[in-house]
Amino acid sequence: MRHPLVMGNWKLNGSKQITKELIEGLRKELSGVDGCGVAIAPPAIYLDLAKHAISGSHIALGAQNVDVNLSGAFTGETSADMLKDVGAKYIIIGHSERRTYHKESDEFIAKKFAVVKEAGLVPVLCIGETDAENEAGKTEEVCARQIDAVLETQGAAAFEGAVIAYEPVWAIGTGKSATPAQAQAVHKFIRDHIAKKDAAIAQQVIIQYGGSVNDKNAAELFTQPDIDGALVGGASLKADAFAVIVKAAAAAKNA
Ligand SMILES: O=C(CO)COP(=O)(O)O
């Protein structure tokens, strides 16, 4: 039985003060909420502070990126071992903002996937099509290609305990979420695509939806059978809105 996971991707936002206050707010709002995994991914520089602030709560720590190398002359990078050392568990890789602004390729992201698994951490593999690809009817082709980069190099077993986040690029930060039916169709395609290699692995993989998820639209998204929580950007910066999303996922799970 899959558990939903709601994860906040803070992106390039926050400060020491905001990190402490946001986590304090989340702890209050989420106490007693059960049935849904919760994680936050603050900027790397605040991970250690966040780890202390979430201590004793159910909130897990995530990171927004990782390097493919474990150590050495790679100025400015952060390794999987370092993320593990500070207590991060869920590592976002392949976010569309990194694919776009940092020209990360499917192959490079697949290497990150392997490094994260090797460190015993959980990859959160972001995939999704652009507006133009969507218009051209290439959604499934793009998602399959982005998943195949991992499937064909590491096999279906690599997805055991892993998380996939379907984030259509046109829905990110636009206020224009995919409809529950649209997202469900793609989530089912993704699960079926993995099932062609290994049905059991496909059944257990968590597939989050991401892209303009907020406190108003979350509950309906979570009624869909293949939507296992969400990767939340903007709304994860407000404790009350993020808590509503977590509670909606927990309620859908317990329904
Ligand atoms: O990119 C996202 C999460 O990784 C989604 O961002 P928004 O929720 O702000 O659209």
Side-chain angles (χ1 to χ4, degrees), residues 4-14 18 22 26 36-44 46-47 50 59-66 83 88-104 109 112-113 116 121-131 133-134 139 142-143 146-147 162-180 182-183 186-187 190 205-222 224 227-249:
L5 172 68
V6 174
M7 180 158 169
N9 174 8
W10 293 9
K11 307 192 180 183
L12 187 55
N13 294 293
I18 288 171
L22 192 45
L26 287 176
C36 177
V38 185
I40 51 167
Y46 300 124
L47 285 174
I59 304 168
L61 194 63
Q64 299 175 19
N65 184 33
V66 64
L83 295 176
K89 175 176 178 189
Y90 296 101
I91 316 299
I92 298 172
I93 55 174
H95 193 282
S96 70
E97 286 146 22
R98 295 213 58 92
R99 291 180 191 262
T100 303
Y101 304 136
H102 300 271
K103 308 277 179 285
E104 294 193 8
I109 293 159
K112 291 189 175 192
F113 194 105
V116 169
L121 301 174
V122 179
V124 178
L125 174 66
C126 299
I127 62 170
E129 82 287 2
T130 62
D131 202 11
E133 289 163 340
N134 184 273
T139 299
V142 170
C143 289
Q146 292 174 339
I147 289 178
V163 179
I164 293 170
Y166 169 58
E167 299 206 308
V169 181
W170 48 267
I172 295 177
T174 59
K176 186 182 143 201
S177 165
T179 65
Q182 267 176 328
V186 183
H187 282 227
I190 294 165
V205 73
I206 291 175
I207 308 179
Q208 300 175 310
Y209 169 76
S212 296
V213 176
N214 59 40
D215 48 351
K216 310 278 186 307
N217 61 18
E220 211 187 331
L221 284 161
F222 298 150
Q224 302 297 316
I227 300 183
D228 310 318
L231 186 55
V232 185
S236 74
L237 298 170
K238 289 172 261 157
D240 51 357
F242 190 68
V244 168
I245 299 168
V246 173
K247 287 174 190 168

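Start at 1 and go down the list; that is how both ligands and their atoms are numbered.
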Quick one: does ligand 1 sit under 4.0 Å from the side chain of Asn9, the backbone, both or neither, non-hydrogen atoms only?
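Only the side chain of Asn9 comes within reach of ligand 1.
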For ligand 1, which is the ligand I care about here, please tell me if [X] has any N or O atom under 3.5 Å from one of the ligand's N or O atoms.
X: Gly234; result: yes
X: Ser212; result: yes
X: Gly233; result: yes
X: Val232; result: no

Partner residues of Phe222 under the ring pair (Phe, Tyr, Trp, His ring centres under 6.0 Å) criterion, sequence neighbours left out
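Checked Phe222 against ring pair (Phe, Tyr, Trp, His ring centres under 6.0 Å); zero matches.
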Checking Phe113 now: which residues fulfil ring pair (Phe, Tyr, Trp, His ring centres under 6.0 Å) with it, not counting sequence neighbours?
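Phe159.
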Run the side chain to side chain donor-acceptor pair (under 3.5 Å) test on His95 and Glu167 for me, step by step, so that the C-alpha distance in whole Å, both residues' side-chain angles and the decisive distance to 0.1 Å come before the verdict.
CA-CA 8 Å; His95 193 282; Glu167 299 206 308; 3.1 Å; yes
Can you list the atoms of ligand 1 that are under 4.0 Å from a heavy atom of [X]?
X: His95; answer: 1 (O), 2 (C), 3 (C), 4 (O)
X: Glu167; answer: 1 (O), 2 (C), 3 (C), 4 (O), 5 (C)
X: Gly211; answer: 5 (C), 10 (O)
X: Leu231; answer: 3 (C), 4 (O)

Passing candidate, side chain to side chain contact (heavy atoms under 4.5 Å, CB included) with Asn9, options Ile92, Val232, Val124, Leu237:
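Result: among Ile92, Val232, Val124, Leu237, Ile92 is the only option passing the side chain to side chain contact (heavy atoms under 4.5 Å, CB included) with Asn9.
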Between Ser96 and Val169, what is the shortest heavy-atom contact and its length?
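Scanning both residues, the minimum pair turns out to be CB-CG2, 3.8 Å.
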Could you check whether atom NZ of Lys11 has more than 12 heavy atoms from other residues, nucleotides or ligands sitting under 6.0 Å from it?
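More than 12 heavy atoms, drawn from other residues, nucleotides or ligands, come within 6.0 Å of this atom.
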Kindly check if the number of other-residue, nucleotide or ligand heavy atoms within 6.0 Å of CD (Glu133) is above 12?
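Counting other residues, nucleotides and ligands, CD of Glu133 exceeds 12 neighbours.
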For the residue pair His187 and Tyr209, categorise the inter-ring angle as parallel (less than 30°), tilted (30 to 60°) or perpendicular (more than 60°).
tilted
Can you pull out the closest protein heavy atom to atom 6 (O) of ligand 1? Residue, atom name and distance to 0.1 Å, please.
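So the nearest neighbour among protein heavy atoms is Lys11 NZ, 3.2 Å.
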Under a heavy-atom criterion of less than 4.0 Å, does Ala235 contact ligand 1?
no
